[in-house]
Novice: 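Can you read through this structure? Questions will come right after.
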Amino acid sequence: MSQATKRKHVVKEVLGEHMVPSDRQQIVRVLRTPGNNLHEVETAQGQRFLVSMPSKYRKNIWIKRGDFLIVDPIEEGEKVKAEISFVLCKDHVRSLQKEGHWPEAFSEVAEKQNNRNRQTQPELPAEPQDSSGEESSSEDDSDLFVNTNRRQYHESEEDSEEEEEAS
């Protein structure tokens, strides 16, 4: 199976299914990612441990701090005590809350994240445009994103005029 086909099936599985955890499985919240496909998580009871990411999710699904997971316990592990079986997105969290399978300890955290997402994505006000069709008369680029990993080249209008005259 090609990498693209594998990614398509994994993403379809994660985004499409609504999974309910079994008796052995737990819902956990990601606290940090120490690396090497390991994630430190916290259960609803406050217990912290490491979970491993199975190879089918590696380089296909990205997990960040604050995400919720369904994990399967591993008996033989000392530090790594579980393996990720499912990554929960916002829709999955909402459906689990409606069905009553969501832990009470995580209810407040999930609501705060939803509220924070709404606040960080404000609606942009419509800017009035000039009748001439130009966006604005000033050409101020200070609000543009600046990539700090690249050198900054400052070209003045005088330099560009000199180059045009020389050619």
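Atoms considered below: every heavy atom in the structure, side chains included; atoms not considered: hydrogens, waters and symmetry mates.
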Novice: Flag yes if Val20 and Val93 sit in one hydrophobic cluster, no otherwise; membership is Ile, Leu, Val, Met, Phe, Trp, Tyr, and two members link when side-chain heavy atoms are under 4.5 Å apart.
Specialist: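 Val20 and Val93: one cluster.
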
Novice: For residues Leu31 and Phe49: do they belong to one hydrophobic cluster (side chain heavy atoms under 4.5 Å, members Ile, Leu, Val, Met, Phe, Trp, Tyr)?
Specialist: no

Novice: Restricting to salt bridge (charged side-chain N to carboxylate O under 4.0 Å, His left out), what partner residues turn up for Glu13, sequence neighbours left out?
Specialist: Lys56

Novice: Closest heavy-atom contact between Ser85 and Met19?
Specialist: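 Result for this residue pair: OG-CE, 4.5 Å.
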
Novice: Are there over 12 heavy-atom neighbours, none belonging to Gln3, within less than 6.0 Å of that residue's CD?
Specialist: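 Atom CD in Gln3 is crowded, with more than 12 foreign heavy atoms closer than 6.0 Å.
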
Novice: Between Thr33 and Leu38, is there a side-chain heavy-atom distance shorter than 4.5 Å?
Specialist: no

Novice: Between Arg32 (side chain) and Arg65 (backbone), is there a donor-acceptor pair under 3.5 Å?
Specialist: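 A pair under 3.5 Å: no.
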
Novice: Not counting sequence neighbours, which residues clear salt bridge (charged side-chain N to carboxylate O under 4.0 Å, His left out) with Arg7? List them please.
Specialist: none

Novice: Would Val51 and Val80 satisfy side-chain contact (heavy atoms from CB on, under 4.5 Å), going step by step from the backbone distance to the final call?
Specialist: CA-CA 5 Å; Val51 297; Val80 180; 5.6 Å; no

Novice: Applying salt bridge (charged side-chain N to carboxylate O under 4.0 Å, His left out), name anything that partners Arg24, two or more places apart in sequence or on another chain.
Specialist: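 Listed in chain order: Glu75.
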
Novice: How many angstroms lie between CG in Asn36 and CE in Met53, if you round to the nearest 0.5 Å?
Specialist: 11.5 Å

Novice: When you compare the side chain of Gln26 with that of Pro73, does any pair of heavy atoms fall below 4.5 Å?
Specialist: no

Novice: Among residues at least two apart in sequence or on other chains, which ones pass side chain to side chain donor-acceptor pair (under 3.5 Å) with Ser2?
Specialist: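 For Ser2, the residues satisfying side chain to side chain donor-acceptor pair (under 3.5 Å) (neighbours in sequence not counted) are Thr5.
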
Novice: Please find the pair of heavy atoms, one from Phe106 and one from Glu42, that lie closest to each other, and give the distance.
Specialist: CZ-O, 3.3 Å

Novice: Sort and list the pairs that fulfil ring-ring contact (aromatic ring centres under 6.0 Å, His included) and have at least one residue in residues 23-47, not counting sequence neighbours.
Specialist: none

Novice: Show, in sequence, the C-alpha distance, side-chain angles and deciding distance for Lys81 and Ile74, and conclude whether the side-chain contact (heavy atoms from CB on, under 4.5 Å) test is met.
Specialist: CA-CA 5 Å; Lys81 296 189 178 183; Ile74 300 173; 6.0 Å; no

Novice: Is there a side-chain contact between Val41 and Val71, using heavy atoms and a 4.5 Å cut-off?
Specialist: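 The answer is no, as the side chains (C-beta and beyond) never meet within the 4.5 Å cut-off.
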
Novice: With a 6.0 Å cut-off on the ring centroids, do Trp62 and Tyr57 count as close?
Specialist: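 Centroid distance Trp62-Tyr57: not below 6.0 Å, so no.
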
Novice: Quick one: are Ile84 and Pro54 in side-chain contact, heavy atoms under 4.5 Å?
Specialist: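 Answer yes - side chains close enough.
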
Novice: Enumerate the residue pairs fulfilling ring-ring contact (aromatic ring centres under 6.0 Å, His included) with a member in residues 79-100, sequence neighbours excluded, ordered by first and then second residue.
Specialist: His18-His92, Phe86-His92

Novice: Of the options Leu88, Asp72, Ile27, which is the one that meets Pro21 in a side-chain contact (heavy atoms from CB on, under 4.5 Å)?
Specialist: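 With Pro21 as partner, side-chain contact (heavy atoms from CB on, under 4.5 Å) holds for just one option, Ile27.
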
Novice: Give, for atom NZ of Lys79 and atom OG of Ser52, the distance between the pair rounded to the nearest 0.5 Å.
Specialist: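 That separation rounds to 14.5 Å.
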
Novice: Between Ile63 and Leu69, is a side-chain contact (heavy atoms from CB on, under 4.5 Å) present by the stated rule, with each step listed?
Specialist: CA-CA 9 Å; Ile63 299 173; Leu69 311 170; 3.9 Å; yes

Novice: Can you tell me how far CG of Asn37 sits from NZ of Lys59, rounded to the nearest 0.5 angstrom?
Specialist: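 Output value for this atom pair is 9.0 Å.
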
Novice: Quick one: does any side-chain atom of Glu99 pair with a main-chain N or O of Leu96 as donor and acceptor, under 3.5 Å?
Specialist: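 Not confirmed, Glu99 side chain does not pair with Leu96 backbone.
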
